[in-house]
Amino acid sequence: MNILGALKITVKKGIDLKVCDAFSSDPYVVITSGSQKLKTRVIKNNCNPEWNDVLTLSVTDPDMPITLNVFDKDRFSRPDKMGDANVDIKSYIECMQMGIKDLPIGTAVKKIQPDESNCLDDESKVVWTGKGKMVQEMTLKLQNVEKGKIQIKIEWLDLPGCKGLPKLNS
């Protein structure tokens with residue numbers, strides 16, 4: 001298995017999540033990609049939880065789908081599903097592959113608009129943070145549920161001994 005690098009996903013917060021228990025929910029997020037499954041901690045009695053949990057996925061294929069599922073933890077029964085979203089990293093990966101060396105810190109390299117192909121709630125920007133690094137913050141609208149959004153931030157990590165992302169042919 002050829003690992004290209006890692007994707008650091010900061011699950012920041014949930015907004016207006018569905019009430020699954022009497023008056024609230026005990027939400028947590030599960031991110032899956034291929035055989036990898038990562039989980040945030042559970043925030044009790046909160047439909048607007050703030051996790052700020054950092055999860056790291058190994059990336060072998062930048063086209064591999066990344067899915068985010070939100071669940072309500074129940075003590076005596078199976079967790080209730082509170083919605084899901086696909087995390088579209090294609091635009092972010094393309095920006096990383098441009099091989100940009102130096103921009104003013106905070107420069108928006110690309111703006112991504114919400115459409116049918118992504119779960120974005122509003123415009124998302126890939127932002128230059130310096131030293132070859134970029135981040136993308138996004139608010140994802142949860143699918144298969146009446147309401148709810150999740151805010152995340154993604155950042156590429158080059159790992160020692162890994163190939164890294166192939167550069168785009170210019």
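Under a hydrophobic-cluster definition in which Ile, Leu, Val, Met, Phe, Trp and Tyr are linked whenever side-chain heavy atoms come within less than 4.5 Å, directly or via other members, Met64 and Ile3 are assigned to different clusters. Val135 is not connected to Val109 by any chain of hydrophobic side-chain contacts under 4.5 Å among Ile, Leu, Val, Met, Phe, Trp and Tyr, and they are in different clusters.
Residue pairs satisfying the ring pair (Phe, Tyr, Trp, His ring centres under 6.0 Å) criterion with at least one member in residues 3-22, sequence neighbours excluded, are absent.
Of all heavy-atom pairs between Pro62 and Ile93, the closest is CB-CG2, 4.0 Å.
One distance of note links CD1 of Ile89 with CD1 of Ile112; it measures 12.0 Å at 0.5 Å rounding. We find the SG-CG distance between Cys95 and Leu165 to be 11.5 Å, quoted to the nearest 0.5 Å. Here the straight-line distance linking atom OG1 of Thr129 with atom CD1 of Ile105 works out to 7.0 Å at 0.5 Å rounding. A distance of 7.0 Å separates CE in Met134 from CG in Leu103, rounded to the nearest 0.5 Å.
Qualifying salt bridge (Lys or Arg N to Asp or Glu O under 4.0 Å) partners for Asp84, counting only residues two or more places apart in sequence or in other chains: Lys81. Qualifying side-chain hydrogen bond (donor to acceptor under 3.5 Å, both in side chains) partners for Glu94, counting only residues two or more places apart in sequence or in other chains: Lys110. Listed by chain and number, the residues in a salt bridge (Lys or Arg N to Asp or Glu O under 4.0 Å) with Lys12 are Glu137 (sequence neighbours excluded). The salt bridge (Lys or Arg N to Asp or Glu O under 4.0 Å) search around Asp16 returns Lys147, not counting sequence neighbours. By the side-chain contact (heavy atoms from CB on, under 4.5 Å) test, Val145 is found to be paired with Lys18, Leu142, residues two or more places apart in sequence or in another chain being considered. Applying the side-chain contact (heavy atoms from CB on, under 4.5 Å) test to Asp121 and every residue at least two apart in sequence or in another chain returns Thr139, Lys141, Lys149. Considering only residues two or more places apart in sequence or on other chains, Glu116 meets the side-chain hydrogen bond (donor to acceptor under 3.5 Å, both in side chains) condition with none of them.
Residues Ser25 and Leu17 form no side-chain contact, since every pair of their non-hydrogen atoms from C-beta on lies 4.5 Å or further apart. Counting heavy atoms from C-beta on, the side chains of Val127 and Thr107 never come closer than 4.5 Å. Looking only at side-chain heavy atoms (C-beta outward), Met138 and Asn118 stay at 4.5 Å or farther from each other. Residues Asp72 and Val19 form no side-chain contact, since every pair of their non-hydrogen atoms from C-beta on lies 4.5 Å or further apart.
The backbone N or O of Pro166 sits less than 3.5 Å from a side-chain atom of Gln97, completing a donor-acceptor pair. For Asp61 (side chain) and Asp63 (main-chain N/O), a donor-acceptor pair under 3.5 Å exists by modelled atom type. No donor-acceptor pair closer than 3.5 Å links the side chain of Asn144 to the backbone N or O of Gly83.
Grouping Ile, Leu, Val, Met, Phe, Trp and Tyr residues whose side-chain heavy atoms lie under 4.5 Å apart, directly or via other members, leaves Ile15 alone, with no other cluster members. Here Val42 sits in one hydrophobic cluster together with Tyr28, Val30, Phe71; the rule is ILVMFWY side chains under 4.5 Å apart, joined directly or through other members.
Between Ile66 and the choices Leu7, Asn86, Thr32, the side chain to side chain contact (heavy atoms under 4.5 Å, CB included) rule is met once, by Leu7.
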Donor-acceptor pairs are to be reported for all side-chain atoms of residues 150-158 against protein atoms at under 3.5 Å, with residues two or more places apart or in another chain.
residue : atom : partner : partner atom : Å
Trp156  : NE1  : Asp158  : OD1          : 2.9

Which pairs would a plain distance check flag for residues 50-58, meaning a side-chain donor or acceptor within less than 3.5 Å of a matching protein atom at least two apart in sequence or in another chain?
residue : atom : partner : partner atom : Å
Trp51   : NE1  : Thr40   : OG1          : 3.3
Trp51   : NE1  : Arg41   : O            : 2.9
Asp53   : OD1  : Arg41   : NE           : 2.8
Asp53   : OD1  : Arg41   : NH2          : 3.4
Asp53   : OD2  : Arg41   : N            : 2.9

